[in-house]
Amino acid sequence: MDGRNRHRLLAALGLAALLAVGGCSGFRGSGGSESARDSSAVAPAGGPAGGNNADAGGADAKAGAGGGSPDLRVDRRSIIYTGTMRVAVDDVEAAARAAVTTVTGAGGFVGGDERRSGDADARAELTLRVPADRFAGVLEDLAKLGRQQQRSVRTDDVTEETVDLDARIATQRARVESGRKLLARATSIGDLVTLEGEVARREADLASLEAKKRRLADLTALSTITLTLVGPDAGDDEEETGTGFLAGLEGGWKALVASVNVLLTVLGAVLPFAVPLAVVVALLLRLRRRGRVPVAQAAAGGPGAVSEPPPVPAARSAP
């Protein structure tokens, strides 16, 4: 074999070796990528890929389990707190001032103040607005003003309503923007008038939704407490009703007293009209009686009766 043929043979062998090495490496690379994808698919959330993988894995788990359900954490929810409290105190005015000081110190304000002066039966009803995060603490401070007689706390979760309002507001804003763009491209008077009315209607709907959102934001940011302060002699609003003979006797006596009070009230209201009415009726009866007297006397031939002329004797005949 000469030198030229030897070089050709070596070149062919080298080319075959390169092709074989390239195929093996390609096969290994594809297999490695497939295995890498498989391993990434089943890798745990806290793997070495980075610190944020845990949060991402948790979010994926929530999305997969709840199908996009809202966050259930309390600090992320919109909750309206409303409380009512009745406290018996020795001095209603002093307790009311202390309650106002407590609320303003917590960052709230007085929404309503109605008081009734008196010594032992004095009463004050305050409507207090306090930040939601200070609601429980303010309730406890108000209960220490005297003897707590009644407390009621109500919560209203408006998270879904808030989320729905946000979505509706975003959609309505997009509709307003599209209407304004169409209005800017209007070419005829008819289209201009029609589009102006449509844009005005959409803006009114958007303003209504935004007002509802502000109202919800106010109710969730500031809780409402209705505080009633009463004097020491005031009884509880909710007294237990007794049973038995004595309880029935007491109830009957109260009903009788209430009926007599109602009757006296009606009599007092009618009496100013009854006196002049009685005088008028008496005068009418007297006049009627006077009109009947002459008629009766005339029928009986008494005084004042009209006398008839005596009868004329008949003429005697001649003898």
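Along the sequence shown, the residues carry numbers beginning at 1.
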Closest approach of [X] and [Y], non-hydrogen atoms and distance?
X    : Y    : result
R202 : Q172 : O-NE2, 3.1 Å
G108 : P131 : N-CD, 4.0 Å
A99  : L126 : CB-CD1, 4.1 Å
V103 : R129 : CG1-O, 3.8 Å
A88  : Q149 : CB-NE2, 3.4 Å
G146 : V89  : CA-CG1, 3.9 Å

Quiz item: Would W253 and V257 count as a side-chain contact (heavy atoms from CB on, under 4.5 Å) if you check the C-alpha gap in whole Å, the side-chain angles of each, and the deciding distance to 0.1 Å?
Solution: CA-CA 6 Å; W253 175 255; V257 172; 3.7 Å; yes

Exercise. I would like to know whether E210 and R173 meet salt bridge (Lys or Arg N to Asp or Glu O under 4.0 Å); could you show each step before the answer?
Key: CA-CA 10 Å; E210 289 176 344; R173 284 176 179 171; 3.2 Å; yes

According to a hydrophobic-cluster definition based on side-chain heavy atoms being under 4.5 Å apart (Ile, Leu, Val, Met, Phe, Trp, Tyr only), do [X] and [Y] belong together?
X    : Y    : value
V266 : V260 : no
L182 : L192 : yes
I169 : L216 : yes
I79  : L128 : yes
M85  : Y81  : yes

Exercise. Would you check, one step at a time, whether the test side-chain contact (heavy atoms from CB on, under 4.5 Å) holds for L284 with R288?
Key: CA-CA 6 Å; L284 292 175; R288 186 177 181 183; over 6 Å; no

Quiz item: Would one find more than 12 heavy atoms of other residues, nucleotides or ligands at under 6.0 Å from atom CD1 of I189?
Solution: no

Self-check item: CZ/R215: more than 12 non-hydrogen atoms of other groups inside 6.0 Å
Solution: no

Quiz item: Are the side chain of D191 and the backbone N or O of T187 linked by a donor-acceptor pair below 3.5 Å?
Solution: no

Quiz prompt | T194 side chain to G190 backbone, donor-acceptor under 3.5 Å | solution =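 Side chain of T194 to backbone of G190, a donor-acceptor pair under 3.5 Å: yes, one is there.
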
Salt bridge check, [Y] against [X]: does any charged N sit closer than 4.0 Å to a carboxylate O?
X    : Y    : value
D218 : R214 : no
E161 : R168 : no
E125 : R115 : no
E177 : K181 : no

Does [X] reach the side chain of [Y], with side-chain heavy atoms less than 4.5 Å apart?
X    : Y    : result
R77  : D157 : yes
E196 : R201 : no
V230 : R86  : yes

When rounded to the nearest 0.5 angstrom, what distance separates [atom1] in [X] from [atom2] in [Y]?
X    : Y    : atom1 : atom2 : answer
K213 : D166 : NZ    : CG    : 3.5 Å
K254 : L256 : NZ    : CG    : 13.5 Å
I225 : T84  : CD1   : OG1   : 10.0 Å
L264 : S259 : CG    : OG    : 11.0 Å
L206 : T171 : CG    : OG1   : 10.5 Å
R154 : T82  : CZ    : OG1   : 4.5 Å

Name each donor-acceptor pair under 3.5 Å that joins a side chain in residues 136-145 to protein atoms two or more places apart or in another chain, with its distance.
{"residue": "E140", "atom": "OE2", "partner": "R151", "partner atom": "NH1", "Å": "3.2"}

Exercise. Report the C-alpha separation of V130 and F109 in whole Å, then their side-chain angles, then the decisive distance to 0.1 Å, and conclude whether the side-chain contact (heavy atoms from CB on, under 4.5 Å) test is met.
Key: CA-CA 7 Å; V130 297; F109 62 92; over 6 Å; no

Exercise. Starting from the C-alpha separation in whole Å, work towards a yes-or-no answer on side-chain contact (heavy atoms from CB on, under 4.5 Å) for L229 and L227.
Key: CA-CA 6 Å; L229 300 171; L227 174 65; 4.0 Å; yes

